[in-house]
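Since the structure comes first, as C-alpha cells, the remarks are kept for the end.
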Amino acid sequence: MNKFSIMASVVLGASLASCGGQAKLDYPETKTVDTIDVYFGTQVADPYRWLEDDNSAETAEWVKAQNAVTNDYLSTIPFRGELKEKLTALSNYEKMGTPWKEEGKYYFFKNNGLQNQSVLYECDSLGGEARVLIDPNALSEDGTVSLGSFNFSKDRKYLAYVISRSGSDWNEIYVMDAATGKLLDDHIMWAKFTGVSWQGDGFYYSAYDAPTDGKGLSAKNEFQKIYYHKIGTPQSQDRLEYVNKEHPLRFYQLSVVNDERFMVLYESDGEGNAIYVKDTKSTNPKYICIAKDMSKDNSVIAANDERILLKTNEGAPNYQVLEFDTKNLNAKGKVIIPETSNLLESVDMVGKDNMIAVYMENIANHAYLLDSKGNKIREIKLPTVGSVGFSASHKHNEVFYAFSSYTFPGSIYSYDVENDKSTMIFTPDVDFNPEDYVTEQISYPSKDSTMVNMFVTYKKGLERNGKNPVFLYGYGGFNISLNPGFSAMRIPFIQNGGIYVVANLRGGGEFGETWHKAGTKMQKQNVFDDFIAAAEYLVKEGYTSPEHIAINGGSNGGLLVGAVVNQRPDLFRVAVPQVGVMDMLRYHTFTIGWNWASDYGRSDDSQEMFEYLYGYSPLHTIKNDGTPYPAIMVTTADHDDRVVPAHSFKYAAQLQASATGDAPKIIRIESNAGHGGGKPIAKVIDEQTDIWSFIMHNLGMKFKK
C-alpha cells in the first residue's frame, strides 16, 4: 500500500452545527486512500485501510481526535455522573467464586467489591483462615494485569501461573515457591491460548514465535507450538514437544492427567478438535487418536487407570459421553451417557462412584446425579430457573456449585451427595430486591417461522403501552449459549422502567450443534433475522416501539448489531456494537481471525462465499442515501488482539462519512484494555457508565437513583 500524508485536518472538539433543527456532531476529518482489492472480479474499495496500522502516529492522532469528540458528547449527558455513582455503589459488594478442593486444601477467588481483580485464596477448611495465594492487584498499579490459568506441580512445591497484560491474548508465565510465595527466575514470554501442565520437574505450555517488533497486536498468528520448560532453565532452552509444520492455522494444547500418567494432546482447526492420548506407562508410549473429526467438539472429562471419558458431539449433536479402555485405546469408545433431546453441557466426576451431568433444557440448566456407569440416580434441585456450574473431583466426594439468574445474584452452594441436600455457603449483599422484578421466557417466530426464545426482565407492574425502553442483547455464534445470569450493571436501566431482553439466536449453542450450524456461513442471515424478529415481536405485542429500542452485542455480537442496523435502521433508536467484527472480507488476515472461518467462511473461499459476506459485512453495507440511522456508539480497545480495533476504526469512519441522518455516530476507544477478559473493575464501571448513559439519553429516559 502506498504511503499517504497525514490527515488534512483534525477536529479535537465536538462542536455542534445546526442541521434540520437537530444538533449534529462535527466529526474529525478522516482521510481516505485509494486502496482497492479485487475479489473474483469485483473491485472493493478500502478507503480507510491506513487505520489498520495500529502503530502509526496518524492512527494515534485519529484515535485521540475521535475520543475527544466522544468524551465531549458524553460529558453533556446530565445524569452521567450520577449514573457512575450508582453503578459504583451497586458494584461494591463482596463476590466469591466456586471453591474447589485439592490435596486436602480449599481454593477460591474472592473480591471485596471494588478490587480491580479477584484474589486467589487458599485455606485448610472452608470458613477457616484464608491465605492470599495470588493477588493480581499487586501485579500492576492500575489493575490491568489479570490472572489466567495456574497449576501446582505434583509435589505441591511450585505454582505456575499465567497472566495477561492490558487485556491482550498474549500471555506470560511465572513460577513461585508455593510455600513462601517467592518468585523464581523462570519467566515465559509469547505464550498464547495456553494452560500450564506439569510433568516431573517442569511443565508444558503453548506459544507462538515472538512477533515482529510493533506487530504483536495485529500480525497473523501461525504455527502454534508446544514446549516443555524445565524449572531453573531459561526459556531459550525449552524443549519443543510438538509443532505441525503442515498446518500453520491450528491450535495445540497439552494436558497431563491422572497423576501424570496420560498426556492428552488437543488439535483444533477452529471448528472442533481432535484428541490424542499417550500413556506414559506403556511399554511403547505414543500418541493414539481417540477423536479424529476436527469438525466436532471433543473433550476429555476424566481419566483414571481403567478408563478415559470423552464428551463429544460426533454422531450426537446434543453430545454424548464415551468410555475408552486404557488397556486398548485403539478400540472404539463405548457410550455410557447417550445423547438426549436436551443439550449436555458438562459432566463432572464425584469421587469414584458418581458423576454430575448438567443439561440445557429450554435454555435453563438442570443437573442430575449419575452413577459411574452413567445411570441416572436423581435430579439435583436448583434454586430456580437459571445457570449452574459445578466444582467436583474424582479424588473426593465434596461438591460445590454456583448458581445465578437474571434476578438471582450469583450464590455458592455445597451439595451433600449422600443426603441430596444443597446448603448455601455464600450469597452476595446486592442493593437489589429480586421480588420487585419478573423474568419471562417468550417464544417467537423468526422470518422463516423457526421458533426462537428470548428472556424478558422488567419491573413488576409494567404496562404494555408501546413506550417502554428496551435493551435488546444478542450474540448468535460459535456454539456459545447465552445462559441466564445476573449483572448489577443493568439494574439502573430496569429500575428506571427499562426492559432487559436477551435473545437466544441461531448460531449459538442453546439447542446443540444443529442450532449452531443453522446460523453459520451461508446461513448467517438466520441470526440477523432472529434478532430483527425479536424486536418486531416486542413491538407487535405492545412492549415497546422502534423509537424506544436499543440494541447491543460484543465481538460476534458487535457484528450482529452492525449488520442489523444496516438492514433495518428504522427498527432501532440506539445501537452499541462492542469490539465487533466489522470487516467480513479481511477479518481472517489479523491475529487469530482465521480461526473464525468455521462460522463465517472466508472471502477467498469462493465467489459465492465472497458475495454472501460482502452482502452483510457491516463495514461494506452502510447506507449513504440519507436514510436515518439510530444513534450509534462503537466501542473498542487499543490492546484488543482478538478482534483488532481496525474493525471498529474503519466502521466508525465510514459511518461518519456516510449520509445516515443526524443522530450521533461516535466511537469510544479504551486504552490499556483488550477484548474484555481481565478488564479491571474501574475500567468496567467507566465503560458501562458511558454505554448506559448513551443508551438512556438517546432513548429519552430520565435517570433516578
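This is a predicted model, so every value here is computed, not measured.
Ring geometry for Phe478 against Tyr600 counts as perpendicular: the plane angle is over 60°, on a 0 to 90° scale with 30° as the lower cut. By the 30° and 60° cut-offs, the orientation of the rings of His647 relative to Phe590 is perpendicular. Ring geometry for Tyr614 versus His620: interplanar angle over 60°, hence perpendicular rather than tilted (30 to 60°). Classification of the Phe471-Tyr500 ring pair by plane angle, with boundaries at 30° and 60°, yields parallel.
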Assess whether side-chain hydrogen bond (donor to acceptor under 3.5 Å, both in side chains) is satisfied between Asn342 and Thr340, documenting all intermediate values.
-> CA-CA 5 Å; Asn342 294 310; Thr340 72; 4.7 Å; no

List the steps, then state whether side chain to side chain contact (heavy atoms under 4.5 Å, CB included) holds for Asp599 with Lys521.
-> CA-CA 6 Å; Asp599 253 46; Lys521 294 186 177 177; over 6 Å; no

Run the numbers on Val561 and Val576 for side chain to side chain contact (heavy atoms under 4.5 Å, CB included), then give the verdict.
-> CA-CA 7 Å; Val561 171; Val576 181; over 6 Å; no

Applying side-chain hydrogen bond (donor to acceptor under 3.5 Å, both in side chains), run through Tyr276 and Glu267 and close with a yes or a no.
-> CA-CA 8 Å; Tyr276 306 82; Glu267 180 182 34; 3.0 Å; yes

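Side chains of Arg506 and Thr450: a donor on one and an acceptor on the other come within 3.5 Å. If you check the side chains of Tyr319 and Asp297, you find a donor sitting under 3.5 Å from an acceptor. Side-chain contact, Asp530 with Tyr444: no donor N or O sits under 3.5 Å from an acceptor N or O.
Within the cation-pi definition used here (under 6.0 Å to the ring centroid, within 45° of the axis), Lys650 does not qualify as a partner of Tyr48.
A salt bridge links Arg49 and Asp46; the closest N-O separation between the charged side-chain nitrogens and carboxylate oxygens is under 4.0 Å. A salt bridge is defined here as a Lys NZ or Arg NE, NH1 or NH2 lying under 4.0 Å from an Asp or Glu carboxylate O, and Lys679 with Glu670 fails to meet this definition. At a threshold of 4.0 Å, the pair Lys517-Glu271 counts as salt-bridged, since one of the basic side-chain nitrogens sits closer than that to a carboxylate oxygen. Ion pairing between a basic and an acidic side chain is recognised when a charged N comes within 4.0 Å of a carboxylate O; Arg602 and Asp604 show such pairing.
A 4.5 Å side-chain heavy-atom check between Leu585 and Leu613 finds at least one atom pair inside the cut-off.
In this structure, the salt bridge (Lys or Arg N to Asp or Glu O under 4.0 Å) partners of Asp570, at least two apart in sequence or on a different chain, are Arg568. Qualifying side chain to side chain donor-acceptor pair (under 3.5 Å) partners for Arg165, counting only residues two or more places apart in sequence or in other chains: Glu172, Tyr174. For Asn672, there are no side chain to side chain donor-acceptor pair (under 3.5 Å) partners two or more places apart in sequence or in a different chain.
Aromatic pair Phe251/Trp594: ring centres closer than 6.0 Å.
Considering Tyr242, Tyr227, Tyr266 in turn, Tyr242 is the only one that fulfils the ring pair (Phe, Tyr, Trp, His ring centres under 6.0 Å) rule with Tyr252.
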